[in-house]
Chemist: 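Before anything else, here's the structure in question.
So you know, we letter chains A, B, ... as the sequences are listed, proteins then strands, and number each from 1.
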Number of protein chains: 2
Amino acid sequence: MITGKITGLSVTDVRFPTSLGQHGSDAMHTDPDYSAAYVVIETDAGDGLKGHGLTFTLGKGTEIVVCAVKALSRHVVGRDLEDIVNDFRGFYRQLTSDGQLRWIGPEKGVIQLATAAVLNALWDLWAKKENKPLWKMLVDMDPNQLLSCIDFRYISDALTEDEALEILQNGKCGQKAREEYMEKNGYPAYTTSCAWLGYSDQQLQKLCTDALKEGWTRFKVKVGADLEDDKRRCKLIRSMIGPNNQMMLDANQRWDVDEAINWVKELASFKPLWIEEPTSPDDILGHATISKCHNRVMFKQFLQAKALQYLQIDSCRLGSVNENLSVLLMAKKFNIPVCPHAGGVGLCELVQHLIIFDFISVSGSLENRMCEYVDHLHEHFMHPVSIQHAAYMPPKDPGYSTEMKEGSVLLYQFPEGEVWQKLMASKQMEV
Amino acid sequence: MITGKITGLSVTDVRFPTSLGQHGSDAMHTDPDYSAAYVVIETDAGDGLKGHGLTFTLGKGTEIVVCAVKALSRHVVGRDLEDIVNDFRGFYRQLTSDGQLRWIGPEKGVIQLATAAVLNALWDLWAKKENKPLWKMLVDMDPNQLLSCIDFRYISDALTEDEALEILQNGKCGQKAREEYMEKNGYPAYTTSCAWLGYSDQQLQKLCTDALKEGWTRFKVKVGADLEDDKRRCKLIRSMIGPNNQMMLDANQRWDVDEAINWVKELASFKPLWIEEPTSPDDILGHATISKCHNRVMFKQFLQAKALQYLQIDSCRLGSVNENLSVLLMAKKFNIPVCPHAGGVGLCELVQHLIIFDFISVSGSLENRMCEYVDHLHEHFMHPVSIQHAAYMPPKDPGYSTEMKEGSVLLYQFPEGEVWQKLMASKQMEV
């Protein structure tokens, strides 16, 4: 069923000029151009199936991730897909532990982003070969096979393979009912589209009004650049959404630890549910309330140190499904709700698979749980997310929802794409 | 004195085929080709001075770091050197906080290595303009100017600027005597050249015999791949060096936490002084005895958590002199001895400046302190280290000792250099 030798891996630098509209702006990233290193894997199986994968970037530097993907491709091209997925743990280890390449990581930054792009494409291809959406393939998979995809190196002191197996076996109980629940109701989402830092108050008001009409009840607000601005914006949003809807804050790593404590005190009266990334993402002991991490070792310590109250997985910063599985299982063991990071380019499309699987087969709970949603760039995907009543509806198409429209890739590839050629010719953007 | 606008920044991928002789091999890096992304900065000052900088890599992936250096060069070319060094903190922040590039770090992995290469070249150029070796420029510098080179973001909860100033001011006391001591005796070193993992027992014996004759008294042994091998090698080395010389072990991140504890118990009878990198470099709570970190935030937590007993700075993994200064000051405050990581390509040449400055102006002590030394590739540098009686003698030439011989760069640049062309033609190496 999963036949085929990998005959080619191509990677494209795709950039959307989002900085023109301040979409995605926050206290640390004032002018992001939402971008992706986009990978396509082909095989000789003759079934026409391709694996599509990506990792999310912010514009400049995407070419560096592209370069890293090319360096990793030697581990992929020429391999049988079946051999890879039958020893996915070994393959993951090979990719992340290359004796020469691991020096420039290990398992962090550029090389981990590139690893994610490559592995995301392999998971997409595997799910397509199984003719299932990725979440469903994971739900149906034997627990032992799921475990065989996870590298337990550096986390076995927090979660043993036996413990992980027990969690997955217990997760089988009531699975069918939870799957039906998802099919009917979807996974609860919150929106970050209303309150980017660079938006004017007028824009905030209009977007918030629209979102409330559409049924959104949970809103994330970017903060951290200027305290008086933050107070005004938080007050405005709290007054619009009322006392019963939820508001979350995200400082995007802007503060020092003491600064964070003082700043957050000033905003406490607006009743935020969490403060996201108050300080350096490396600062476990700085006690973030919620944190995006670059690998399972960092998440492990945040959990061990009880330094987070919500855990944010990311489909493109962690090492793909493989590493996300280990983090979902650790979160279950430590009883911390997972609220995935999404947005960017394709992060919503990808992470919905992981969190729906988590509900059906691991956590079994929606308490204190929701998945981030940002409403842009979905139009470039072949199988964009479907949001109904502020919930992610389970994808039905085979694969990992990673495939972009060919036309979009052509238009937005950097720097050759028509969009960029025009922007450069008109000097609208300095690149 | 430090006039000149930066007119160009070039970067070269330089690789030495060290894997052919298993030099540098350890439990995680079985076939490293010691390499560097090598940066040259030129100005319009007309004084003929150039800044040379590098970061150390292991072969494959150097091209990724080269790509990252190119991405950073936009922040450098066109700038006045004087403006940069007069607000070096601001410049450091600009380089590490680029709103688009920081996503692929931040301050870790490829982008941090590239940052180090660029900043190392700027420090080299600055010291050359001052006509002093870098360590001497730092020793002579006003404490306030030193502080103005450091970014305190994310570390101010562990070390305030006032505390750092006090440390530097106190360091002035007895400085002259310590400088004279260094000039006469140098900084104590230990050798890692005798016991790479891939060396045969015969090779170990010969190298150890030679080193003892040369006056070495401290030896590092690579371990972690196979317990029985480790026992045999440790026993051999301990029997050769006797009970009074020192032996250190380095597992290069090979173990899980529990595995490390068990393995180290088995080797304890050989009386190692420390166990280096027993597990993931990200695992603060995994309690390393000594650890190399990728930025000041990680070092801060290792110090706060009392998770290391020795601290290893690295001239090319941290963000150059700027970030190393912050770590040296934190180590002083937390009273942890610094024993720098060196070896590789040029790491000895660079880090000697930092540790000699540390002794003269910060720590004021040699107790439990020594700097790693590895005896290869020095012949490619214009101003190689001078080791006398197992000690680093303070460099006398202006700059940061970063300059490589032009002939070496030409011969070893990858893949165009003659050495690589021949290796590829003879199929001696797969690249």
Chemist: Show the nearest heavy-atom pair for residues A/Ile104 and B/Gly61, with the distance to one decimal.
Modeler: CD1-O, 3.8 Å
Chemist: Can you give me the closest heavy-atom contact between B/Leu58 and A/Gly99, atom names plus distance?
Modeler: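 It is CD1-O, 3.6 Å.
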Chemist: Main chain of B/Leu285, side chain of A/Gln304: is a donor-acceptor contact present, judged purely on distance under 3.5 Å?
Modeler: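 Checked: no pair found.
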Chemist: Can you name the residues that form a salt bridge (charged side-chain N to carboxylate O under 4.0 Å, His left out) with B/Asp250, not counting sequence neighbours?
Modeler: B/Lys220, B/Lys222, B/Lys292
Chemist: Name the member of A/Gly105, A/Ala68, A/Pro32, A/Gly59 that forms the most heavy-atom pairs with chain B at distances under 4.5 Å.
Modeler: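 Maximum pair count with chain B is reached by A/Ala68.
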Chemist: Checking A/Arg15 against chain B: side chain, backbone, both or neither under 4.5 Å from a heavy atom?
Modeler: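 The answer is neither part of A/Arg15.
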Chemist: What part of A/Leu113 gets within 4.5 angstrom of chain B, counting heavy atoms only: side chain, backbone, both, or neither?
Modeler: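 A/Leu113 touches chain B through side-chain heavy atoms alone.
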Chemist: Examine whether an atom of B/Ala305 lies under 4.5 Å from a heavy atom of chain A, and if so say whether it belongs to the side chain, the backbone or both; otherwise answer neither.
Modeler: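 For B/Ala305, the contact with chain A is made by backbone and side chain together.
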Chemist: More than 12 foreign heavy atoms under 6.0 Å from NZ of B/Lys70: is that the case here?
Modeler: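 Open.
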Chemist: Under a 4.5 Å heavy-atom cut-off, does chain B meet the side chain of A/Glu259, its backbone, both or neither?
Modeler: neither
Chemist: Looking only at heavy atoms, which two atoms of A/Ala71 and B/Glu63 are closest? And how far apart?
Modeler: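 Taking every non-hydrogen atom into account, CB-OE2, 3.6 Å.
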Chemist: Is A/Phe152 close to chain B through its backbone or its side chain, or both, or neither, when contacts mean heavy atoms under 4.5 Å?
Modeler: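 Backbone only.
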Chemist: Mind checking the OG-CE spacing from B/Ser280 to A/Met298? Nearest 0.5 Å is all I need.
Modeler: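 Nearest 0.5 Å value for the OG-CE distance: 8.5 Å.
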Chemist: So which of A/Leu101, A/Leu72, A/Asp283 has the largest heavy-atom pair count under 4.5 angstrom toward chain B?
Modeler: A/Asp283
Chemist: Is there a side-chain contact between B/Lys300 and A/Asp282, using heavy atoms and a 4.5 Å cut-off?
Modeler: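 Result no, sub-4.5 Å side-chain heavy-atom pair not found.
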Chemist: Would you please classify the geometry between the B/Trp103 ring and the A/His341 ring as parallel, tilted or perpendicular, with 30° and 60° separating the classes?
Modeler: tilted
Chemist: Using non-hydrogen atoms only, which part of B/Val110 is less than 4.5 Å away from chain A: side chain, backbone, both, or neither?
Modeler: both
Chemist: Side chain, backbone, both or neither: which part of A/Asn295 has a heavy atom under 4.5 Å from chain B?
Modeler: side chain
Chemist: Quick check: do A/Arg102 and B/Gln253 have side-chain heavy atoms less than 4.5 Å from each other?
Modeler: yes
Chemist: Hey, which residues of residues 153-162 of chain A are touching chain B, say heavy atoms under 4.5 Å apart?
Modeler: A/Arg153, A/Tyr154, A/Ile155, A/Ser156, A/Asp157
Chemist: Which atom pair, heavy atoms only, marks the closest approach of A/Lys108 to B/Pro281?
Modeler: NZ-CG, 4.4 Å
Chemist: Under 4.5 Å, counting heavy-atom pairs only, tell me which of A/Val65, A/Asp98, A/Val66, A/Asp26 racks up the most with chain B.
Modeler: A/Asp98
